[in-house]
Amino acid sequence: MKVGLFIPCYVNAVYPEVGVASYKLFDYLGIEINYPLNQTCCGQPMANAGFEQKAIPMIKHFDELFESYEYVVAPSASCVAFVKPRTNGKIYEVCEFLHDILKVNKLPGKFPHKVSVHNSCHGVRELHLSSPSELNIPRYSKIKNLLTLIEGVEVFEPEKADECCGFGGMFSIEEPSVSVCMGQDKLANHIATGAEYVTGADSSCLMHLQGVARREKQPIEFIHVVQILAAGL
Amino acid sequence: MNLQQTQWHNATLWMVRKKRDNLAMQIPEWEELRRLASQIKMHTLSHLDRYLVQFTDNAEANGAIVHWAKDADEHNAIVLDILNRHKARKLVKSKSMLTEECHLNPFLEANGIEVVESDLGERILQLMHAAPSHIVMPAIHLKRQEVGKLFEDKLHTEKDNSDPTYLTRAARQHLRNEFLTADASMTGANFAVADTGEIVVCTNEGNADMGTSFAPLHIVSVGIEKMAPNHSALGVFTRLLARSATGQPSTTYTSHYRKPRQGCEMHIVLVDNGRSKTLGNEAHQQALKCIRCGACMNTCPVYRRKGGYAYSYFIPGPIGINLGMLKSPKKYANNVSACSLCYSCNQVCPVQVDLADQIYSWRQQLDSIGKANKIKKIISTGLTCLFTRPRLYNNILKLAPVINHIPRFLIYNRLNGWGKGREMPPFAKESFTQMWKKGKVKK
Amino acid sequence: MSSKDEILAAIRRNIKTTYDLPEIKPEGDGYTDKIKQFTEVSRSVAANVVVLQEGEDLNQCIRALYPEAATVASNLPEITIQTIDPDKVETPHQLNGTMLGIVKGEFGVAENGCVWIPQNVKEKAVYFISEYLVILLNKTNIVNNMHEAYEKLHTYDYGFGVFISGPSKTADIEQALVVGAHGAKGVTTILI
């Protein structure tokens with residue numbers, strides 16, 4: 001199995017440790033994974049802002065870059081949700097890949113902490129990482145399933161478990177008041193679980209919530225779910 | 001809205017969303033009903049000509065008089081003409097978003113007709129000379145004290161009594177008199193059934209029925225997209241409507257108007273007003289499936305916090321963003337940003353309107369009509385320039401950490417929307433790409 | 001061209017793809033105890049449900065429920081306590097002030113507590129203007145859901161018909177539920 005690693009632009013620059021954790025996980029699981037250089041951005045920020053045309057060259061570049069790979073994985077649900085329908089569909093979010101393709105049922109890590117799972121909109125409603133609260137379908141959560149493999153972790157979900165945190169790409173700067181208000185509400189719900197960490201499959205949401213938390217000087221920490229799954233590796 | 005109002009509005013509408021969830025989860029076949037409802041709507045819309053003709057034939061055979069209006073002006077003229085022929089001076093109305101769309105009330109009032117809204121929320125707003133902020137709960141933005149003050153002034157209720165039961169009873173008394181003295185009644189329609197020629201109206205208050213039970217004239221305003229083929233389709237829609245709208249198993253009254261009351265007249269005005277054009281817009285025609293339940297507003301995290309008045313089109317929330325763009329993209333483009341693309345609206349919609357996808361699609365069209373947000377355009381252009389040049393991108397990645405040392409005031413100012421209420425994330429000392437190149441990832 | 005022709009022409013011009021009508025046969029089990037379900041849902045929407053006991057007198061039963069109702073409107077032959085016959089009023093306005101209306105429902109719907117009432121009086125106003133409403137319903141006539149209800153509707157020839165579930169209500173002031181908006185302030189369904 002030849003797997004390519006896609007590291008979204010902002011993860012690359014701000015959260016490289018998420019990329020490192022992703023690599024370590026696959027390496028531990030015996031998957032041959034490579035990081036093709038010259039990758040940039042999936043194009044989602046421009047597209048959601050109304051400039052999908054500007055994203056097309058990036059998608060094309062993406063396709064060419066990963067052409068020789070059987071699968072592409074990326075630690076970002078939102079980017080994957082954007083790329084998947086616009087390419088041949090072989091891109092997976094890391095949790096999705098571990099859960100559905102590799103069907104991982106054992107991980108060696110320990111993470112003796114309380115974590116509140118952040119169900120990101122695109123992860124839930126586009127990638128189906130968990131059952132959306134709106135639908136009358138059996139309840140499931142791939143992220144929670146994976147977290148149970150880690151020793152010591154206590155998993156919580158905030159009230160309004162899949163309400164948007166208000167990031168929304170350029171929504172966050174075009175509608176800053178409501179975006180911040182949504183972030184504050186979401187953060188309060190996460191804090192109310194008593195968790196020490198907020199975790200999820202989207203660093204973008206976490207970045208937004210972290211921004212709110214730091215401004216409000218809230219002590220809660222943020223960690224990408226892949227970092228928990230790779231604990232101790 | 002101030003912070004307190006925002007919090008109340010948000011919490012209250014979320015409560016309605018939760019009531020909806022609670023009822024939806026009690027129906028095991030819920031998702032199948034949504035699928036069916038969507039398919040029935042798509043079928044009906046794609047055979048709309050046939051169903052409208054069938055409806056008209058049946059309604060006329062039932063003794064109703066059917067009118068056709070191409071636009072709002074024609075609709076309003078028809079209604080006025082019917083009223084004038086009957087020498088009707090007072091019209092009592094039940095809730096109709098279509099007549100809001102057509103600006104019927106001011107038109108009739110300018111022509112000497114007294115118009116009385118009879119839905120409690122609508123009546124409150126009429127007395128305040130204000131517009132609805134939600135399509136199902138029109139006065140949801142108001143606090144009881146505001147209604148108490150208004151009723152004190154207009155209905156002479158007790159001073160400082162803002163108890164909802166007390167105020168509702170006062171309105172009941174006041175409006176009963178209006179029902180009994182009206183010359184004509186008007187309703188909208190939730191559904192118009194083609195194979196029976198009947199109009200179905202759903203209310204909780206009973207105001208549509210009170211109006212039509214007394215006045216000798218009943219006028220129905222109905223958008224052409226409200227057609228339902230038959231009763232079997234109604235079985236699907238009525239199971240979805242109230243559960244989605246307010247979290248009730250059914251509205252209190254689901255009234256079927258087939259024939260005029262004995263000795264009375266029933267007029268049905270079928271209104272196009274842009275709907276036939278929307279039908280030809282394949283990217284956006286699904287907006288015509290909407291059954292006006294308001295569930296997309298209740299779930300929308302942006303609507304809940306901004307309130308209906310933050311939107312420039314008279315219908316707010318996800319469906320309103322789309323309907324406004326269908327009405328006039330240039331005029332209502334400013335609503336398109338009020339969406340974080342969370343897709344919750346798509347999933348609560350009982351007829352599976354692809355609301356968020358449509359908003360996404362409208363965004364793509366903004367630049368071509370000169371309505372793109374300038375800052376977003378500059379950023380998008382800049383990012384495209386960066387991301388289509390991997391070498392430049394890699395160099396920027398190396399330089400990015402420098403930003404961490406820029407003085408705060410240069411970053412956190414009013415030009416930076418992010419800085420409002422949020423800290424910027426610090427850039428990592430080394431990007432993932434640099435780490436990979438230096439062999440720090442693979443060990 | 002008339003507006004009708006113009007609208008129809010515009011529709012025909014704009015329809016590009018056509019879709020079939022789906023077969024409407026949703027899955028879903030019926031209720032094992034329809035009376036129980038009907039009763040529970042009715043109560044949840046503020047309606048009262050009473051089962052007329054074997055040998056119990058209907059008129060006495062209603063009287064006991066509404067002892068103070070001075071004006072009672074009904075056209076039903078089995079009702080003897082009525083003071084107004086809604087079939088005999090000249091105008092519906094004469095029904096204003098009715099304390100209690102007693103009407104007959106044709107069938108109930110277990111899933112949502114609706115009762116189907118095709119107009120069976122001269123003035124339908126009695127269903128709505130009465131301060132309180134009693135609906136008589138044969139307890140063997142309860143269907144599972146709205147699909148079954150609408151199948152049954154075909155057997156009725158009505159000029160007007162209404163599904164009523166409970167008393168009229170509103171939550172237009174601050175979402176605070178108030179029972180008794182414009183229609184009945186209370187509804188009792190008597191299962192016979």
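These numbers were taken from a predicted model, which means no experiment stands behind them. In what follows, chains carry the letters A, B, and so on, assigned in the order in which the sequence lines appear, proteins first and then strands, with residues in each chain numbered from 1.
With a 4.5 Å cut-off on non-hydrogen atoms, B:R172 touches chain C through its backbone and its side chain both. Interface residue B:E198: only side-chain heavy atoms are found under 4.5 Å from chain C. With a threshold of 4.5 angstrom between heavy atoms, B:I124 approaches chain C through side-chain atoms but not through N, CA, C or O. With a 4.5 Å cut-off on non-hydrogen atoms, B:P229 touches chain C through its side chain but not through its backbone. B:L234 touches chain C through backbone and side chain together, each having a heavy atom under 4.5 Å away. Contact of B:I224 with chain C is made through the side chain alone, with heavy-atom distances under 4.5 Å. Interface residue B:R243: only side-chain heavy atoms are found under 4.5 Å from chain C. Heavy atoms of B:Q39 lying under 4.5 Å from chain C belong to its backbone as well as its side chain. Neither the backbone nor the side chain of B:N62 comes within less than 4.5 Å of any heavy atom of chain C. Only the side chain of B:L52 comes within contact range of chain C, with heavy atoms under 4.5 Å apart. B:L175 touches chain C through its side chain: at least one heavy atom from C-beta onward sits under 4.5 Å away, while N, CA, C and O do not. For a residue to count as touching a neighbouring chain, one of its non-hydrogen atoms must lie under 4.5 Å from one of that chain's; by this rule B:K41 does not touch chain C. With a threshold of 4.5 angstrom between heavy atoms, C:D20 approaches chain B through N, CA, C or O but not through any side-chain atom. Contact of B:E74 with chain C is made through the side chain alone, with heavy-atom distances under 4.5 Å. For B:V16, the part lying near chain C is the side chain, with the backbone staying farther off; criterion is any non-hydrogen pair under 4.5 Å. Contact of C:V126 with chain B is not made at all, since no heavy-atom distance falls under 4.5 Å.
Your options are C:A9, C:P167, C:G180, and the one with the most heavy-atom pairs under 4.5 Å with chain B is C:G180. When C:Q119, C:H93, C:E123 are compared by the number of non-hydrogen pairs under 4.5 Å with chain B, C:H93 comes out ahead. Heavy-atom pairs under 4.5 Å with chain C were tallied for B:S162, B:A171, B:G63, B:G121; the largest tally goes to B:G121. Among C:A125, C:G161, C:A10, C:A184, the residue with the largest count of heavy-atom pairs under 4.5 Å with chain B is C:G161. Taking C:H182, C:H147, C:K124 one by one and counting their heavy-atom pairs under 4.5 Å with chain B, the maximum is reached by C:H182. Of the listed residues B:C202, B:S250, B:A242, the one with more heavy-atom pairs under 4.5 angstrom with chain C than any other is B:S250. Contact tally against chain C (heavy-atom pairs below 4.5 Å) for B:S232, B:G206, B:A139: the top residue is B:S232. If you tally non-hydrogen atom pairs under 4.5 Å between each of C:L8, C:I129, C:T18 and chain B, the highest count goes to C:I129. Per-residue heavy-atom pair counts under 4.5 Å with chain C were compared for B:V147, B:T203, B:N207, B:V53, and the maximum is reached by B:N207. Top candidate by heavy-atom pairs under 4.5 Å with chain C, chosen from B:T212, B:T44, B:L23, B:L270, is B:T212. Contacts with chain C were tallied for B:I199, B:N230, B:T165, B:T278; B:T165 has the most, counting heavy-atom pairs under 4.5 Å. The most heavy-atom pairs under 4.5 Å with chain B, out of C:E151, C:E23, C:E111, C:E6, come from C:E111.
The six-membered or imidazole ring of B:Y253 lies near that of C:F128, with a centre-to-centre distance under 6.0 Å. Aromatic ring centres of C:F163 and B:H256 lie closer together than 6.0 Å.
A pairwise comparison of heavy atoms in C:I7 and B:A69 identifies CD1-O, 3.5 Å as the closest pair.
Other residues, nucleotides and ligands contribute at most 12 non-hydrogen atoms within 6.0 Å of the NZ atom of B:K277. By the neighbour-count criterion of 12 heavy atoms within 6.0 Å, atom NZ of C:K104 is sparsely surrounded, having that number or fewer from other residues, nucleotides or ligands. The number of heavy-atom neighbours closer than 6.0 Å to CD of B:E282, taken from other residues, nucleotides and ligands shown, is above 12.
Checked options C:K4, C:R12, C:R13; the residue passing with B:D49 is C:R12 (criterion: salt bridge (Lys or Arg N to Asp or Glu O under 4.0 Å)). Test B:T168, B:T252, B:N204 against C:K169 for side chain to side chain donor-acceptor pair (under 3.5 Å) and you get one pass: B:T252.
Annotation: the span from C:N14 atom CG to B:L279 atom CG amounts to 6.0 Å, rounded to 0.5 Å. Atoms CD and CZ, from C:Q175 and B:R144 in turn, are 11.5 Å apart once rounded to the nearest 0.5 Å. In this structure, the separation between CD1 on C:I24 and CG on B:L36 is 6.5 Å, given to the nearest 0.5 Å. Distance check, rounded to the nearest 0.5 Å: CG of B:D163 to CD1 of C:I173 gives 8.5 Å. Summarising the geometry, atom CD belonging to B:Q248 is positioned 9.5 Å from atom OG belonging to C:S44; distances are rounded to the nearest 0.5 Å. For the atom pair CZ (B:R239) and CG (C:N145), the distance works out to 4.5 Å, reported to the nearest 0.5 Å.
In this structure the side chain of B:R169 reaches within 4.5 angstrom of the side chain of C:V178, judged on heavy atoms. Between B:K259 and C:Y158, every side-chain heavy-atom pair lies at or beyond the 4.5 Å cut-off. In this structure the side chain of B:Q285 never reaches within 4.5 angstrom of the side chain of C:K16, judged on heavy atoms. At a threshold of 4.5 Å between non-hydrogen side-chain atoms, the residues C:T17 and B:S46 do not count as touching. Annotation: side chain of C:P92 is not in contact with side chain of B:S213 (no heavy-atom distance under 4.5 Å).
Judged by the 6.0 Å and 45° rule, B:R261 forms no cation-pi pair with C:F160.
Side-chain contact check for C:S168 and B:E205: no donor-acceptor pair (N or O, by modelled atom type) lies under 3.5 Å. Checking B:T12 against C:E174 by side-chain atom types alone, no donor-acceptor pair falls below 3.5 Å.
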**Report entry** Test side-chain contact (heavy atoms from CB on, under 4.5 Å) applied to B:W68 and C:D5, step by step
**Finding:** CA-CA 9 Å; B:W68 297 66; C:D5 292 336; over 6 Å; no

